[in-house]
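Here is the structure we will look at, set down as structure tokens.
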Amino acid sequence: MEKKIPHFLRISGDVPGNKHREFEQTIKFVINQLPEDCIEHSLSADVFVEGHYHFFSVWLSDTAMKSFMSSVEFQLLSGAYYTLGDDNEKLVHGPLADIQTFRVSNIN
């Protein structure tokens with residue numbers, strides 16, 4: 001049985017100014033098609049680099065994420081970066097890490 005560890009998927013790339021609207025509409029269409037296994041998703045524009053976008057999503061498991069990555073919806077999403085933007089899209093994915101911090105007090 002698969003251990004259900006949430007996984008993330010991020011796609012980043014540049015889109016020229018005259019293609020922003022068409023790109024954003026395509027991404028919105030894909031977001032409306034995402035399966036229930038996608039528990040979080042967002043599209044953001046980089047405030048430091050004009051026309052640079054990040055699509056970020058969180059999936060219930062590695063299997064769910066890989067299933068999406070072999071879907072028509074993923075091809076449409078990836079294709080939007082490639083067709084409307086440049087061909088230097090970056091795809092990053094992997095398990096989410098659970099980081100917990102604590103404070104140690106020196107009591108004399």
Side-chain angles (χ1 to χ4, degrees):
M1 185 169 140
E2 176 189 9
K3 188 174 179 184
K4 298 245 178 185
I5 299 172
H7 278 62
F8 75 94
L9 169 65
R10 187 188 77 201
I11 306 173
S12 302
D14 297 319
V15 177
N18 64 336
K19 300 288 185 176
H20 285 184
R21 184 175 176 172
E22 186 178 356
F23 175 78
E24 290 174 7
Q25 289 175 339
T26 302
I27 301 304
K28 286 178 185 178
F29 174 78
V30 172
I31 285 173
N32 288 329
Q33 309 300 316
L34 292 175
E36 291 179 7
D37 288 338
C38 180
I39 55 177
E40 187 67 37
H41 57 272
S42 64
L43 176 67
S44 60
D46 195 313
V47 296
F48 299 109
V49 181
E50 178 68 29
H52 193 75
Y53 284 89
H54 304 280
F55 171 78
F56 184 80
S57 59
V58 178
W59 299 84
L60 284 175
S61 66
D62 180 52
T63 303
M65 182 192 64
K66 286 181 179 174
S67 177
F68 173 69
M69 291 175 71
S70 64
S71 71
V72 172
E73 291 81 7
F74 175 77
Q75 291 177 12
L76 180 60
L77 177 68
S78 183
Y81 278 97
Y82 185 79
T83 304
L84 300 171
D86 64 11
D87 57 357
N88 292 325
E89 93 182 42
K90 290 187 178 180
L91 181 112
V92 180
H93 60 86
L96 287 179
D98 182 19
I99 300 172
Q100 298 182 13
T101 61
F102 60 93
R103 185 188 325 197
V104 177
S105 298
N106 188 5
I107 301 174
N108 293 329

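These numbers come from the heavy atoms of this one structure, side chains and all, not from hydrogens, waters or symmetry mates.
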task = Could you pull out all residues at least two apart from I31 that satisfy side-chain contact (heavy atoms from CB on, under 4.5 Å)?
result = I27, L34, H41, F55
query = Quick one: side-chain contact (heavy atoms from CB on, under 4.5 Å) partners of L91, sequence neighbours excluded?
reply = L9, I11, M69, F74, H93
Show me the donor-acceptor pairs, under 3.5 Å and distance only, between side chains in residues 15-24 and residues at least two apart or in other chains.
from : atom 1 : to  : atom 2 : distance (Å)
H20  : NE2    : V15 : O      : 2.9
E24  : OE2    : Y53 : OH     : 2.6

inquiry  = Just to verify, what does S57 make a side-chain hydrogen bond (donor to acceptor under 3.5 Å, both in side chains) with, not counting sequence neighbours?
reply    = W59
query = How long is the gap from CD on Q75 to OH on Y82, to the nearest 0.5 Å?
reply = 14.0 Å
task = Might you confirm whether atom CD of E50 has over 12 heavy atoms from other residues, nucleotides or ligands at distances under 6.0 Å?
result = no
key: From M65 atom CE to D37 atom CG, the distance as rounded to the nearest 0.5 Å   = 12.0 Å
query = Do any N or O atoms from the side chain of S71 and from the backbone of F68 form a donor-acceptor pair under 3.5 angstrom?
reply = yes
request  = Applying side-chain hydrogen bond (donor to acceptor under 3.5 Å, both in side chains), name anything that partners K66, two or more places apart in sequence or on another chain.
outcome  = D62
ask   = Can you check whether A80's main-chain N or O pairs, donor with acceptor, with T83's side chain at less than 3.5 Å?
value = no
message = I need the T63 OG1 to H7 NE2 distance, nearest 0.5 Å.
response = 8.5 Å
key: ring-ring contact (aromatic ring centres under 6.0 Å, His included) partners for H54, two or more places apart   = H52
request  = With sequence neighbours excluded, tell me which residues meet side-chain contact (heavy atoms from CB on, under 4.5 Å) with F56.
outcome  = F8, R10, S42, V58
